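These figures come from a predicted structure and were not determined experimentally.
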Amino acid sequence: MEDRAPVGLHGVYKKSSGPGINGGGERYHVLDCTGAENMLGFVQWQGEKTIKDVSYPILDVLEVEDEDCPPSGAYFYYSCKKQDGATLLLLYSSENARLYALEEFF
């Protein structure tokens, strides 16, 4: 992944569990990509998938309201997991011009 996000991204929603006892936690961000440069070149997207009902444990843990969750639709997706168990999932909707970032870190 690039060292920095594409120019033109604007945060519209974020929620974090804060640091846990060992410094871990969960974070969720929704970014507006209208006018963002090179979204398809931002990461090496692993493909496209259609999501009908979004259900990710991080969203439940953070108690994210339905209206702030990714809506049903087609997404480019990227996921990675580090050796320490930290995970990152990116969902990008070019139709809605939104990037959803779900993180769990330890």
Side-chain angles (χ1 to χ4, degrees):
M1 185 165 31
E2 290 184 7
D3 291 337
R4 58 192 168 103
V7 173
L9 290 178
H10 300 284
V12 294
Y13 180 85
K14 66 179 177 178
K15 195 157 188 185
S16 172
S17 65
I21 254 181
N22 296 319
E26 295 84 12
R27 289 189 294 224
Y28 174 62
H29 296 270
V30 180
L31 301 154
D32 180 0
C33 304
T34 305
E37 299 177 5
N38 196 24
M39 284 303 298
L40 293 179
F42 172 44
V43 295
Q44 188 172 355
W45 300 103
Q46 295 164 332
E48 284 187 80
K49 65 168 131 182
T50 300
I51 298 174
K52 293 186 181 177
D53 296 311
V54 174
S55 177
Y56 294 103
I58 292 172
L59 300 176
D60 295 334
V61 167
L62 293 173
E63 298 178 352
V64 175
E65 299 291 331
D66 288 345
E67 62 266 16
D68 296 313
C69 291
S72 298
Y75 291 89
F76 291 96
Y77 70 92
Y78 170 85
S79 65
C80 69
K81 186 172 188 171
K82 293 189 173 184
Q83 287 183 341
D84 65 1
T87 60
L88 170 67
L89 173 64
L90 299 177
L91 299 170
Y92 169 59
S93 169
S94 56
E95 181 180 331
N96 296 325
R98 291 282 195 264
L99 176 67
Y100 301 88
L102 298 89
E103 301 173 84
E104 187 172 25
F105 48 99
F106 302 95

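Contact between Met39 and Pro6 at its shortest, heavy atoms only, is SD-CG, 3.7 Å. Shortest non-hydrogen contact noted between Thr34 and Ala97 is OG1-CB, 3.6 Å. Across all non-hydrogen atoms, the minimal contact from Ser17 to Gly25 is OG-CA, 3.3 Å.
By the 30° and 60° cut-offs, the orientation of the rings of Tyr100 relative to Tyr28 is parallel. Under the 30°/60° scheme for interplanar angles, the aromatic rings of Tyr92 and Phe76 are found to lie parallel.
Leu90 contributes atom CG, which lies 5.0 Å from atom CH2 of Trp45 (distance to the nearest 0.5 angstrom). Residue Leu62 holds its CG atom at 10.0 Å from SG of Cys69, rounded to the nearest 0.5 Å. For the atom pair Asn96 CG and Cys33 SG, the distance stands at 10.0 Å (nearest 0.5 Å).
For residues 68-91, there are no salt bridge (charged side-chain N to carboxylate O under 4.0 Å, His left out) pairs, not counting sequence neighbours. Pairs of residues two or more places apart, or lying in two chains, never qualify as salt bridge (charged side-chain N to carboxylate O under 4.0 Å, His left out) while including a residue from residues 36-50. Listed by first and then second residue, the salt bridge (charged side-chain N to carboxylate O under 4.0 Å, His left out) pairs involving residues 89-106 are Arg27-Glu103, Asp32-Arg98 (not counting sequence neighbours).
By the 6.0 Å contact criterion, CD on Glu63 is open, its count of non-hydrogen atoms from other residues, nucleotides or ligands being 12 or less.
Taking Leu89 as the reference, Tyr56, Ser79, Leu91, Leu102 meet the side-chain contact (heavy atoms from CB on, under 4.5 Å) condition, with sequence neighbours excluded. Take Tyr77 and apply the ring pair (Phe, Tyr, Trp, His ring centres under 6.0 Å) test, not counting sequence neighbours, and it matches no residue.
Under the 4.5 Å side-chain heavy-atom criterion for Ile, Leu, Val, Met, Phe, Trp and Tyr, Val30 and Val61 are members of distinct hydrophobic clusters.
Here the side chains of His29 and Leu99 are not in contact, with every heavy-atom distance at 4.5 Å or above.
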